Amino acid sequence: MGCKNHDDHTNCVCDVVNFINDLQDAVEEDENNCPTNCLNPVLGANSHKRHHHRKNTRPFILYTEDGPFEAFFKPTDGGCHDCPCEKDGKKIHDKIDFFCKSIFFRVENVEGCCAVLRVLEPECTTSPCPQIDRPEENLHLSDSCITVDLRNFIAIQCLDDIHLPNC
C-alpha cells in the first residue's frame, strides 16, 4: 500500500487510516522490532520500549496544506494537564467549560474515507516534543471525537504504538 498508485477516486491518507483501523481492531502480539512506519502490519512493532500492556493504538498526526490539523477536546479531569490550554496567554487549570486543542488522534471507526477520530489529550511536560518522544507516557484518551473526511488531508505521521486503557 503506497501513495503512488492512487487516482482521483482514492486517497493515500484515507487508505492509511483504514489500515490503522483494521490493525487496531485485530490487536495481535508480535515480538518483531520493526522501524516506525504507518504501514507496519503489527500493532506494537512501532514501539521502542516494551511495556507489559498489549499495544492497542497507533496514534497519528494529520496534515492539511496549512500544517497539522487540530481538534478541540474537553479535558477528562476537569482541567488541563498543567499547561496545554491557554486563554488570553494564561494557563487554564480549573475551567471545566474550556476546551483544549490537540493534533494527536486515534481512529475509532472508518468507512471509506469518512472516519471517526478520538482526540488524544497531550500531557504537558518540559520536553520539546514529549508526545512524539514518549507517546505512551504523554497521550491520554479524551472524551471528544470528531468525524472527518480523510480526502481533505495531504499527509499523515504515525507515532510509536501505545497502550491506552479502555480502548
Side-chain angles (χ1 to χ4, degrees), residues 1-4 6 10-27 34-49 51 53 55-76 80-86 98-167:
M1 179 186 320
C3 295
K4 63 184 174 189
H6 287 83
T10 60
N11 176 288
C12 69
V13 172
C14 180
D15 292 345
V16 171
V17 173
N18 271 283
F19 176 82
I20 293 170
N21 185 62
D22 292 344
L23 186 66
Q24 289 175 175
D25 285 347
V27 174
C34 300
T36 300
N37 179 346
C38 289
L39 302 178
N40 192 323
V42 179
L43 193 61
N46 276 5
S47 180
H48 300 294
K49 296 180 183 176
H51 294 275
H53 296 292
K55 308 300 184 212
N56 61 5
T57 300
R58 182 163 290 172
F60 56 88
I61 302 167
L62 292 169
Y63 292 88
T64 66
E65 290 183 8
D66 297 324
F69 174 71
E70 296 178 314
F72 290 99
F73 69 92
K74 191 166 189 171
T76 55
C80 296
H81 289 288
D82 295 331
C83 63
C85 300
E86 294 183 356
F98 187 79
F99 285 81
C100 303
K101 289 192 285 187
S102 175
I103 62 171
F104 305 101
F105 300 95
R106 176 189 197 279
V107 63
E108 293 293 326
N109 189 22
V110 63
E111 290 185 27
C113 285
C114 182
V116 176
L117 307 179
R118 182 170 305 273
V119 183
L120 298 179
E121 185 174 347
E123 183 83 29
C124 186
T125 69
T126 57
S127 169
C129 300
Q131 294 79 24
I132 295 173
D133 294 343
R134 294 179 311 280
E136 184 93 35
E137 302 164 14
N138 295 300
L139 292 174
H140 311 281
L141 286 178
S142 76
D143 291 332
S144 302
C145 291
I146 184 169
T147 302
V148 299
D149 182 340
L150 295 169
R151 295 172 292 199
N152 294 324
F153 300 101
I154 61 166
I156 183 170
Q157 178 183 1
C158 292
L159 307 180
D160 285 352
D161 296 341
I162 61 175
H163 171 80
L164 290 173
N166 303 319
C167 284

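Quick caveat, the model's predicted, so the values are computed rather than measured.
Under the 4.5 Å side-chain criterion, counting only non-hydrogen atoms from C-beta, Val148 is not in contact with Val17. For the pair Pro122 and Phe104, the minimum side-chain heavy-atom distance is below 4.5 Å. Side-chain atoms of Cys113 and Asp149, non-hydrogen and from C-beta on, do get closer than 4.5 Å to each other.
With hydrogens and angles ignored, the 3.5 Å screen pairs a side-chain donor or acceptor of Ser142 with a backbone N or O of Val119. Distance alone, capped at 3.5 Å, places no donor-acceptor pair between the Asn152 side chain and the Thr64 backbone. Under a 3.5 Å cut-off, the side chain of Glu65 and the backbone N or O of Ile154 do not form any donor-acceptor pair. Of the possible polar contacts, one joining the Asn18 side chain to the Gly112 backbone as a donor-acceptor pair under 3.5 Å is found.
Atom-to-atom distance recorded for Ile162:CD1 and Leu120:CG is 6.0 Å, nearest 0.5 angstrom. The distance from atom OG1 of Thr57 to atom CG of Asp161, rounded to the nearest 0.5 Å, is 8.5 Å. Rounding to the nearest 0.5 Å places CZ of Arg118 at 9.5 Å from CG of Leu164. To the nearest 0.5 angstrom, Lys55 atom NZ is 13.5 Å from Leu23 atom CG. The OG1 atom of Thr147 sits 10.5 Å away from atom CD of Glu111, with the distance rounded to the nearest 0.5 Å. To the nearest 0.5 Å, atoms CZ (Phe73) and CD1 (Ile146) are separated by 13.0 Å.
Contact between Ala155 and Val13 at its shortest, heavy atoms only, is N-CG2, 3.7 Å. Across every non-hydrogen atom of Ile103 and Glu70, the tightest pair is CG2-CG, 3.6 Å. The two residues Leu117 and Phe105 have their closest heavy-atom pair at CB-CD2, 4.0 Å.
The aromatic rings of Phe153 and Phe69 sit perpendicular, their planes meeting at an angle over 60°, well past the 30° parallel limit.
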